[in-house]
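As structure tokens, the structure follows; a few thoughts come after it.
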Amino acid sequence: MIGEMYLTITNWDNQSMAHEFIFQALSTVPEIQHLLFTFFLLLYLTILFGNSSVLLVICTDRSLHTPMYFFLASLSCLEVCYTTVVVPQMLASTIDLHRTIPLVNCAIQMFFFTTLGGTDCFMLTVMAYDRYVAICHPLRYTLIMTWQVCVWLVIGSLIFSIVLCLHVTVLIFSLPFCGYQPKINHFLCDLPPVLKVACADTHLQQIALHGVGIIYLTIPFILICISYVYIVAAILRIKTTSGRHQAFSTCSSHLTVVVLQYGVCSLVYLRPKSSTSEDDDRKLALVYTFVTPLLNPLIYTLRNRDIKQALKKVMKKMVASQT
């Protein structure tokens with residue numbers, strides 16, 4: 001498969017008149033460009049700091065070395081990589097009047113963007129399964145969610161996403177793109193906007209796009225909903241109010257992230273082509289590029305007592321080491 005992608009890339013010159021894409025400017029006013037650059041840079045640094053802090057706290061505090069926090073640390077790591085694939089190029093395009101990207105670089109960005117984003121969706125499903133086992137089968141939790149199982153769930157999610165996205169990327173970039181510099185009405189090489197600048201029949205690629213959307217969004221969301229049906233039923237059987245509150249509190253943060261992630265992505269990848277607006281897609285892309293990775297560590301930190309306590313310990317150690 002890797003050889004197929006290499007042959008596809010090396011044959012682009014014969015298949016297409018285009019050698020690079022040009023991104024649509026978010027603004028052509030210099031003052032606004034610099035303002036947007038500063039704003040997005042601050043958001044990016046906040047995302048890196050927030051997710052890295054969650055990752056550091058979970059790795060250093062032994063009390064958080066449990067499957068639930070292992071999956072949360074994996075999710076934070078994915079968020080850091082996910083935004084890093086997109087944001088640096090976006091920042092350069094914000095203040096660069098040319099805003100061009102070679103086709104090879106565009107394909108690489110698309111592959112990593114979709115791979116990491118898809119793995120993110122799978123990880124939310126894995127986290128729902130972890131909560132299902134913890135609440136519905138608490139006595140068997142340690143037997144079911146062993147470290148070997150947890151590691152393979154993460155690795156399996158990543159491998160499956162790599163294989164799927166490699167096929168889709170090759171399929172899309174086997175198309176010819178007409179014009180010297182086709183303009184993408186977007187700030188990244190996402191699947192729908194790249195398909196729109198192809199000068200060939202994209203029916204097969206559109207089917208593949210919706211198939212990927214179903215695999216990444218619909219199926220995982222259904223599995224998450226099924227998990228929470230059993231979780232809610234188990235919580236309602238808990239006799240004490242404090243017990244029900246404690247059980248639900250471990251799931252509320254995850255539910256908030258799921259609704260935000262799947263809601264926004266479904267609007268982009270599962271809408272009919274005729275109802276898709278490029279400007280709307282760019283606005284929604286800003287949400288899952290910046291807002292979701294930014295809110296994830298905040299949601300899990302502010303709503304999780306264990307992480308807040310561990311974070312305080314780390315901060316106290318850092319202050320003590322400097323005095």
Side-chain angles (χ1 to χ4, degrees), residues 1-2 5 8-9 20-24 26 40 43-44 47-48 51 74-94 99-124 157-175 177 182 184-198 205-206 208-217 220 260-262 264-270 276 278 281-294 296:
M1 188 64 198
I2 296 177
M5 187 173 184
T8 301
I9 293 174
E20 60 185 7
F21 292 124
I22 182 169
F23 291 119
Q24 178 70 35
L26 294 174
F40 290 135
L43 285 180
Y44 177 54
I47 290 170
L48 294 182
N51 285 283
S74 301
L75 184 66
S76 295
C77 184
L78 282 173
E79 298 289 14
V80 170
C81 298
Y82 175 81
T83 53
T84 302
V85 168
V86 176
V87 178
Q89 171 69 47
M90 178 189 177
L91 292 174
S93 299
T94 302
R99 303 181 306 278
T100 57
I101 181 171
L103 262 67
V104 175
N105 293 5
C106 187
I108 292 173
Q109 185 188 64
M110 177 184 290
F111 168 71
F112 282 105
F113 171 73
T114 53
T115 296
L116 294 169
T119 307
D120 199 314
C121 293
F122 290 149
M123 282 304 307
L124 292 176
S157 299
L158 181 59
I159 292 176
F160 181 79
S161 189
I162 288 173
V163 173
L164 180 62
C165 293
L166 190 59
H167 278 83
V168 173
T169 303
V170 169
L171 184 63
I172 289 178
F173 280 89
S174 64
L175 292 168
F177 300 99
I184 300 177
N185 189 16
H186 215 292
F187 55 83
L188 63 94
C189 291
D190 202 356
L191 302 172
V194 171
L195 276 180
K196 288 180 180 179
V197 298
Q205 284 76 10
Q206 290 291 344
L209 176 59
H210 284 286
V212 170
I214 291 173
I215 293 173
Y216 277 152
L217 299 174
L260 182 62
Q261 175 91 354
Y262 283 89
V264 174
C265 291
S266 296
L267 290 175
V268 175
Y269 296 105
L270 296 180
T276 301
E278 293 181 347
D281 283 351
R282 281 208 302 173
K283 295 174 184 177
L284 290 171
L286 288 173
V287 175
Y288 60 71
T289 301
F290 288 100
V291 179
T292 304
L294 179 65
N296 281 0

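Nothing fancy with the numbering, it's 1 onward along the sequence.
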Is there a side-chain contact between [X] and [Y] (heavy atoms, below 4.5 Å)?
X: F187; Y: V86; result: yes
X: C106; Y: F173; result: yes
X: F111; Y: V168; result: no
X: D120; Y: L75; result: yes
X: I172; Y: L209; result: no
X: L217; Y: C121; result: yes
X: V194; Y: F177; result: yes
X: T115; Y: L158; result: yes

Measure the [atom1]-[atom2] distance between [X] and [Y] for me, rounded to the nearest 0.5 Å.
X: T169; Y: L191; atom1: OG1; atom2: CG; answer: 7.0 Å
X: L124; Y: L78; atom1: CG; atom2: CG; answer: 9.5 Å
X: F21; Y: L103; atom1: CZ; atom2: CG; answer: 4.0 Å
X: M123; Y: L116; atom1: CE; atom2: CG; answer: 12.5 Å
X: Q205; Y: L171; atom1: CD; atom2: CG; answer: 4.0 Å
X: T100; Y: F23; atom1: OG1; atom2: CZ; answer: 9.0 Å

Would you check, one step at a time, whether the test side chain to side chain contact (heavy atoms under 4.5 Å, CB included) holds for V80 with I47?
-> CA-CA 7 Å; V80 170; I47 290 170; 5.7 Å; no

For [X], what residues pass the ring pair (Phe, Tyr, Trp, His ring centres under 6.0 Å) criterion, not counting sequence neighbours?
X: Y82; value: F113
X: Y262; value: F221
X: Y288; value: none

Sidechain-backbone polar pair: T94 side chain, M90 backbone, donor-acceptor under 3.5 Å = yes

Taking all non-hydrogen atoms of both residues, which atom of [X] and which atom of [Y] are closest, and how far apart?
X: Y216; Y: C165; value: OH-SG, 2.9 Å
X: S157; Y: T119; value: O-OG1, 3.9 Å
X: E20; Y: P182; value: O-CD, 3.2 Å
X: Q24; Y: N185; value: CG-OD1, 3.1 Å

Would you please say whether a donor-acceptor pair under 3.5 Å links the side chains of T83 and E79?
-> no

Examine F290 together with Y44 and report whether their ring centres are nearer than 6.0 Å.
-> no

Could you tell me which residues satisfy side chain to side chain donor-acceptor pair (under 3.5 Å) with [X], sequence neighbours excluded, listed by chain and number?
X: Q109; result: none
X: N51; result: none
X: Q261; result: none

